[in-house]
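Working notes for the structure below.
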Amino acid sequence: MADVAPLYETYMRAPLRFTRGEGVWLITEDGERYLDFAAGVAVNSLGHAHPHLVAALKDQADKVWHLSNLYEVPGQESLGRRLTEATFADKVFFTNSGAEALECAIKTARRYHFAKGHAGKYHIITFEGAFHGRTIATIAAGGQEKYIEGFGPKAPGFLKVPFGDIAAVKDAITEETAGILIEPVQGEGGLRPVSKEFMQELRQLCDEYGLLLILDEVQTGVGRTGRLFAHEWAGVTPDIMAIAKGIGGGFPLGACLATNEAAAGMVAGTHGSTYGGNPLAMAVGNAVLDVVLEDGFLEHVRDVALVFRQGLAALKDRFPDVIEDIRGEGLMLGIKAKIPVADLLKGVRAENLLAVPAGDNVLRLLPPLTVTAEEAREGLARIERAAEKLTAAKAA
């Protein structure tokens, strides 16, 4: 009998087996080096084997790994305080993933209204093209049929409206509306940024109607766009925010942040997590913030992002048959392709550059935030070679 793969067949995996990483590089088991501009889908915020993260994890591993939340965890208090001091938030709940952080955000919003005596206010307005995770609730929030199909009835309480349409948002508000949930830049949806004006209008609507503004900064947060969090560019503050990915630098870690007011309904017994906030995760999360909050770090992200974006714009002008547009913010950039994005991904991978496909025929470029201008130019050179070959192939 032939060997049967022991894993669920839910992934379209590339035939690459990496065994080591160094900064922005990944090395296969046979020694081939790849420039990693996927970063584990924006997770490896400080690249691979960052010495400060490695030291923090090793140090904590010699002490205690897991406690659950039966006891106080000093690392939670430390990381929680640093996150609240750096943001709008007063309270933090730690999770293991972005989907869990979004689940907590949704529950926090619903519980807020319940605690105020409005149990019927549980509907949340979301947007076309959104992606908020793979749980039953978060696929309903995202509203994309390809993720919902086959998993039974869609979880109730989510109303999807067109992206960027403030009139549609206003029309969707009812007595049952609890809040508005949005990504400052849609990741899976094709690197579509929300305009500053639209974000400001959402904040005004929430204030006017007594709703909670909930931000999904799982992919955009922790420096990815050149600010600590992407909503800062619009000069607004949310009531609730979900984060993950970059805050753990590769270790599973997420968090839900909220104001005192928004979190008031989340009293003892209303929510929990066995693994969330474990000492290993807290050690790594604190180590990530040590680096990201250093003077000059976010300025570095902005500087390299400018080099990268200008280079991509030049490639767009040179290869109009391959590149239709450049999208995104900071080091969360996307190439909207004129050819099938799968062909562009295959082309850059042939040049030993790793990237991530997204919706709307877009290729995501998500290098570690520690990437240098020189490494960004190396990435551009590899994209250029791929574009040259793809243009020649198209002409032939």
Side-chain angles (χ1 to χ4, degrees), residues 2-49 97-99 131 133-134 144 146-147 187-191 218-219 224 244-246 248-252 308 312 315 319 322-323 327-328 331-371 375-376 378-391 393-394:
D3 284 344
V4 177
L7 306 177
Y8 266 44
E9 296 178 8
T10 52
Y11 298 112
M12 299 283 287
R13 301 180 196 268
L16 293 169
R17 298 165 72 92
F18 297 109
T19 57
R20 286 189 302 119
E22 301 168 355
V24 299
W25 297 92
L26 278 173
I27 300 100
T28 65
E29 57 189 8
D30 58 3
E32 194 171 7
R33 294 171 66 87
Y34 282 76
L35 191 56
D36 184 12
F37 279 18
V41 195
V43 167
N44 297 302
S45 51
L46 303 184
H48 301 283
S97 67
F131 180 85
R134 301 269 192 168
Q144 296 192 47
K146 65 181 179 181
Y147 298 127
E188 294 280 341
L191 278 290
V218 167
Q219 193 165 150
R224 177 56 57 183
K245 290 188 183 285
F251 196 94
F308 199 20
L312 289 171
L315 292 180
F319 302 102
V322 174
I323 300 173
R327 296 178 174 179
L331 289 175
M332 185 179 177
L333 295 172
I335 299 172
K336 181 169 172 58
K338 271 278 186 70
I339 59 175
V341 71
D343 293 345
L344 181 56
L345 177 60
K346 184 178 179 182
V348 298
R349 195 178 286 159
E351 301 300 327
N352 284 36
L353 176 74
L354 303 176
V356 187
D360 203 23
N361 208 45
V362 168
L363 188 70
R364 276 180 283 184
L365 299 163
L366 306 163
L369 305 182
T370 51
V371 65
E375 289 163 341
E378 175 62 29
L380 289 165
R382 293 175 186 229
I383 296 167
E384 180 181 18
R385 291 198 295 270
E388 285 173 346
K389 292 174 183 176
L390 288 162
T391 300
K394 193 171 183 182

Checklist line | Lys394, NZ: over 12 other non-hydrogen atoms inside 6.0 angstrom | finding: yes

Checklist line | Heavy-atom closest contact (Glu375 atom, Thr370 atom, distance) | finding: OE1-O, 4.3 Å

Notebook entry, point to check: Can any side-chain N or O of Asn361 pair as donor or acceptor with the backbone N or O of Lys336 at less than 3.5 Å?
Noted result: no

Next item on the list: Drop me the distance from Leu366's CG to Leu369's CG, to the nearest 0.5 angstrom.
Entry: 10.0 Å

Notebook entry, point to check: From Lys346 NZ over to Ile339 CD1, what is the distance, rounded to the nearest 0.5 angstrom?
Noted result: 11.0 Å

Notebook entry, point to check: Okay, side chain of Arg327, backbone of Leu333: is any donor-acceptor separation there less than 3.5 Å?
Noted result: no

Next item on the list: Compare every heavy atom of Leu331 with every heavy atom of Phe308, then report the nearest pair and how far apart it is.
Entry: CD2-CD2, 4.3 Å

Check: Where do Pro368 and Leu46 come nearest, in terms of heavy atoms and distance?
Finding: CB-C, 4.3 Å

Check: What's the spacing between Leu354 CG and Phe18 CZ if we round to 0.5 Å?
Finding: 4.5 Å

Checklist line | Side-chain touch Leu7/Arg13, heavy atoms, less than 4.5 angstrom | finding: yes

Check: Rounded to the nearest 0.5 Å, how far apart are OG of Ser45 and CZ of Arg224?
Finding: 7.5 Å

Notebook entry, point to check: Looking at Ala358 and Arg364, what are the two nearest heavy atoms and their distance?
Noted result: CB-NE, 3.5 Å

Checklist line | Nearest-0.5 Å distance, CD1 of residue Ile383 to CD of residue Glu388 | finding: 12.5 Å

Next item on the list: Give the intermediate values and the outcome of side-chain contact (heavy atoms from CB on, under 4.5 Å) for residues Arg20 and Trp25.
Entry: CA-CA 9 Å; Arg20 286 189 302 119; Trp25 297 92; over 6 Å; no

Checklist line | Whether Arg382 side chain and Val348 backbone form a donor-acceptor pair below 3.5 Å | finding: no

Margin query: Within the structure provided, determine whether Leu380 and Leu312 are in side-chain contact (heavy-atom separation under 4.5 Å).
Written below: yes

Margin query: Using side-chain heavy atoms (C-beta onward) and a distance below 4.5 Å, is Val24 in contact with Glu378?
Written below: no

Check: What distance separates Leu390 CG from Ile323 CD1, expressed to the nearest 0.5 Å?
Finding: 9.5 Å

Item checked: Student check: side-chain heavy atoms of Val43 and Lys245 closer than 4.5 Å -> yes

Checklist line | Among Leu363, Ile335, Val362, side-chain contact (heavy atoms from CB on, under 4.5 Å) partner for Val341 | finding: Leu363

Item checked: Exercise: identify the closest heavy-atom pair between Leu365 and Ala355 -> CD2-CB, 3.9 Å

Margin query: Can you give me the closest heavy-atom contact between Gly190 and Asp360, atom names plus distance?
Written below: CA-CB, 4.5 Å

